[in-house]
Each structure stands twice: as C-alpha cells, then as structure tokens.
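Let me begin by presenting the structure, written as structure tokens, before commenting on it.
Order of the sequence lines sets the chain letters (A, B, ...), proteins ahead of strands, with each chain counted from 1.
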Number of protein chains: 2
Amino acid sequence: MTELEQYLHSYFAFEREDLYKVAQLFRKSTLKKGDYYLQTGKICNKLSFIQSGMLRIFVSQEDREVTQWISTKGYFVTDLASLVFRTPGRWNMQALTDTELYTIEKADYDRIGELIPRWPETERLFIAHCFTIMEDRIFNLLSMTAEQRYNFFFEHNREIFNQVPLQYLASMLGMTPETISRIRRKQLS
Amino acid sequence: MTELEQYLHSYFAFEREDLYKVAQLFRKSTLKKGDYYLQTGKICNKLSFIQSGMLRIFVSQEDREVTQWISTKGYFVTDLASLVFRTPGRWNMQALTDTELYTIEKADYDRIGELIPRWPETERLFIAHCFTIMEDRIFNLLSMTAEQRYNFFFEHNREIFNQVPLQYLASMLGMTPETISRIRRKQLS
DNA sequence: AAAGCCACTTGACATATATCAAGAAATCAG
DNA sequence: CTGATTTCTTGATATATGTCAAGTGGCTTT
C-alpha cells in the first residue's frame, strides 16, 4: 500500500482493490508556507488529504482574523458547503508551513460512487462523524471556561500544540494569546 | 399532500409519489410537556419531525444543565451519532411544551434507499447542510460577544424568542439569564 | 381572592478574560 | 553571525459577564 492508501484505509473500510482505485484519483501537490489552499468567495472544487504540514482555516474581519480550525497531517480539508452546494467559500485556508497534499478534484470525487458501490454509505458515515465532532465542539464552547477548553484541546491534540503560533491557537479556542500564555504559566506551578 | 408530506417536500426535492412512500413510514405521536424524547445513555432508534411544540436538547452536569439547542416546529430531531453509530446517546431531549411529532423508526429509515433511488444523494446533501449550520454556530461562538450572539439568534429565530424560558435560551447562547435580561433592557433605550 | 410557585429583573459585587503597552525571546533574512 | 521582524510573556488596567441575593410580577391552584 502507498502512504495515501494507508491513510484512506484508516478512514474508510475499503477493500485493498478499492483503495487502489480511489487513491488513483488523488494527485500529490505542495503548498509553500503562506500559500492559500482556498480563499473566501471562491468556489471550492477539490478535497485534499494532508500528508504533512498544516493549514489554518480562518475568516478575515475588519479588525481581526478569526481562526476556525487548524488542520494537520492526517486530516482531510475542503470547504464542504462550497464543494457540495457550489456556493462561494466562506473560509480562507492558508498553509502555516510547507505542506504536502493529496488532492482529488470535485469531478473525480463525484465519480467515486461509480467505482465503489458502498461509497454512499461510507461517505454518509464519514460526514455524520464530522457532524458529531462539531456538536462536541459547540458543547465545549458553551460549557467550558477558557482554561478548560485549553486543557481539553491540549489532551486531544498534543502533537500540534507546540507547532502552531499561539495567536492562532488562541483564536480557534475563543480566547486571546495573552490568556493562553497565562494559563500556561499557571500550570507550570 | 398531507401536512407531513408538505414538510418533507420543503426539505427534500422528492417526486410526489416518493413523498407519499416516505411519509407512510412516519407515525404520528405526542409528548406531554416534560416528557423525554430521549435520555443520555440510551441508544436512539428513531428520527422525528416536529409538527408542533418544542424540544430542548441538553446535558446534565453535576452542578448545572447545558442546553445545546432548542428544536421547534419544522425541525427534525434525533441523536445523529447514536442513530448512525449505535452509540449511547449523549443528549437529553425533553418536551418544553406539549409536542406533536412524526416519527420514523431506524429500521424503516434505513430502508428509504430501497424506496427512493436518489435517497443517498439527498441524505448526503441534508447532512452536509446540517454540518455547515454547525460550522456557522462555532464561528459565532468564537467571534461574537454575548450581545452579538443574542442579536444574531434573535434575527434568525424570532418566532421562538418569547416562548422559550430565558434560562434555556441563555444556556444555548453560552451566557446567563441575567446577561440576557440586561441586554434586553439596554436595547429598550 | 389568597397563597404559592415560577420566571424574570435588578442591583451590588466578584471574577474571568480582554486590552494595551512594554520588554524578552525566538525566528528569519541577508 | 547580526540586525530586523515576529511572536511570546508579563504587568497594569479595563470591561464583559458571572454570581448572589432580593424584589417584582404573572400564572396556577385551591
């Protein structure tokens, strides 16, 4: 199995043969640090798997940027609403570091069902899983203090914690960089 | 068309004949104020459409309850993660008022695809739509003040605003009832 | 009509977190 | 390696929001 096939395998319970067929539809590409994968207002025609590196998903407001999420090695990235409904993308997605991607174009993505009969069910499970992750995130934002959100995220995303600029981490957790800095100091003692 | 068919029609672009077939799978039922539709820890085997009334979706913590959402007339309700993955439900769902539902059992739900060839695609669009609503909600929680969240929700859900106990509204917006009360007073002047 | 129960409002005060500004540390470019 | 940016930390202070407690008013029950 190639590396991409292994990753696909970790998400989808495909037969080896199916894995190969789907993997064939992806093309490897790279982004330099600072390059945009997508920009607000453009329609998203692709879905990618992050092989290495990090992408920051954010919105630019008049006075500041709001980071929605940071995707790292092993995540899929796309603007789902734009990909599915052909609406203008709502997010900017920018490489925080040099990033290697495997990318499938929408036209090919839409044909996976022809290659793999079980695809609709597989995709359904995948999107439903993403949905429940969002539910949990909302619950955390509603019910936790800044420090609790920090700790929770730290527990669940140790690996990226010291690789992401603090200001972006802070924004995606709904707090300021100063607050994170103080939480860290407090937890040293 | 029956009322249920009209509602289904507003969500799904079905043929009239298909509407009828699907609508046949739903059974009308009612909940009295205070009755539970689901409870934390139980597996959810059904999906319902709210014909009238309101359900509150919440989690009980040691010291307080956190209201995740309030579903009203015209919403579908279920615990998606539990329905799809057969995991214990994470939410309580309780009727805030007497409530009329149209309910489909999981076994029937899973057979919709046999009745309607286009169902997988339709369901995919529906779940994707739900996903983007969650994305927006997270963005609002990350980027807005309490007052902005209140105003935003008010704009988008005028009809239920004066029917829901303040404490539940407050919780689902991530603030206290006192804060809502003060926002309201401020906005009178 | 009285009593009791809620839900809501209001005020006083507490606290978490934000803001602003300065300095320290890390990273980057030449 | 060195200076220039950028990012992080820290302190002082401000502000939004939470907490607690009391009071008001509206419903419901009898």
Pull out every protein N or O sitting under 3.5 Å from an N or O of nucleotides 4-11 of chain C, one pair per line with the distance.
{"unit_1": "C/dC8", "atom_1": "OP1", "unit_2": "B/L166", "atom_2": "N", "d": "3.1"}
{"unit_1": "C/dC8", "atom_1": "OP2", "unit_2": "B/L166", "atom_2": "N", "d": "2.8"}
{"unit_1": "C/dT9", "atom_1": "OP2", "unit_2": "B/S181", "atom_2": "OG", "d": "2.7"}
{"unit_1": "C/dT9", "atom_1": "O5'", "unit_2": "B/S181", "atom_2": "OG", "d": "3.0"}
{"unit_1": "C/dT10", "atom_1": "OP2", "unit_2": "B/R185", "atom_2": "NE", "d": "3.2"}
{"unit_1": "C/dG11", "atom_1": "OP2", "unit_2": "B/R185", "atom_2": "NH1", "d": "3.0"}
{"unit_1": "C/dG11", "atom_1": "N7", "unit_2": "B/R182", "atom_2": "NH2", "d": "2.9"}
{"unit_1": "C/dG11", "atom_1": "O6", "unit_2": "B/R182", "atom_2": "NH2", "d": "2.8"}

Looking only at non-hydrogen atoms, find the nearest pair between [X] and [Y] and report the distance.
X      : Y      : value
B/N92  : B/S60  : ND2-N, 4.0 Å
B/G113 : B/W119 : N-CD1, 3.6 Å
B/S48  : B/T103 : OG-OG1, 2.7 Å

So, B/S82 side chain and B/T87 main chain: donor-acceptor pair closer than 3.5 Å or not? yes
Would you kindly say whether B/N151 and B/Q187 are connected by a side-chain donor-acceptor distance under 3.5 Å? yes
Could you tell me the boundaries of the chain A footprint on DNA chain D, defined by atoms under 4.0 Å from its heavy atoms? D/dT7 to D/dA12
Hphob cluster co-occupancy, A/I70 + A/V66, side-chain heavy atoms under 4.5 angstrom: yes
Under a 4.0 Å threshold between the charged nitrogen and the carboxylate oxygen, would A/K33 count as salt-bridged to A/D98? no
Looking only at the aromatic ring of each residue, does the gap between the centers of B/F76 and B/F126 stay below 6.0 angstrom? yes
Tell me whether the centres of the aromatic rings in A/F14 and A/Y20 are closer together than 6.0 Å. no
Under 3.5 Å, which donor-acceptor pairs link side chains of residues 131-145 of chain A to any protein atom two or more places apart or in another chain?
{"unit_1": "A/T132", "atom_1": "OG1", "unit_2": "A/H129", "atom_2": "O", "d": "2.9"}
{"unit_1": "A/E135", "atom_1": "OE1", "unit_2": "B/R90", "atom_2": "NH2", "d": "2.3"}
{"unit_1": "A/D136", "atom_1": "OD1", "unit_2": "B/R90", "atom_2": "NH1", "d": "2.3"}
{"unit_1": "A/D136", "atom_1": "OD2", "unit_2": "B/R90", "atom_2": "NH1", "d": "3.2"}
{"unit_1": "A/R137", "atom_1": "NH1", "unit_2": "A/Q68", "atom_2": "O", "d": "2.9"}
{"unit_1": "A/R137", "atom_1": "NH2", "unit_2": "A/Q68", "atom_2": "O", "d": "3.0"}
{"unit_1": "A/R137", "atom_1": "NH2", "unit_2": "A/M172", "atom_2": "O", "d": "2.8"}
{"unit_1": "A/S143", "atom_1": "OG", "unit_2": "A/F139", "atom_2": "O", "d": "2.8"}
{"unit_1": "A/T145", "atom_1": "OG1", "unit_2": "A/Q148", "atom_2": "N", "d": "3.2"}
{"unit_1": "A/T145", "atom_1": "OG1", "unit_2": "A/Q148", "atom_2": "OE1", "d": "3.4"}

Scan residues 140-150 of chain A for pairs that pass salt bridge (Lys or Arg N to Asp or Glu O under 4.0 Å), counting only residues two or more places apart or in two chains. A/E147-A/K186
Please report the distance, rounded to the nearest Å, between CG in A/N162 and P in C/dA25. 18 Å
Provide, to the nearest angstrom, the distance between the NZ atom belonging to A/K32 and the P atom belonging to C/dC28. 13 Å
Qualifying residue, where the test is side-chain hydrogen bond (donor to acceptor under 3.5 Å, both in side chains) with B/Q51 and the options are B/K73, B/K28, B/E3: B/E3
How far does the helix from C/dA1-D/dT30 to C/dG30-D/dC1 bend, going by the axes of its first and last five pairs, to the nearest 10°? 50°
Does atom CD of A/E17 have more than 12 heavy-atom neighbours, drawn from other residues, nucleotides or ligands, at distances under 6.0 Å? no
For DNA chain C, determine which residues of residues 142-150 of chain A have any heavy atom closer than 4.0 angstrom to one of its atoms, and list them numerically. A/T145, A/A146
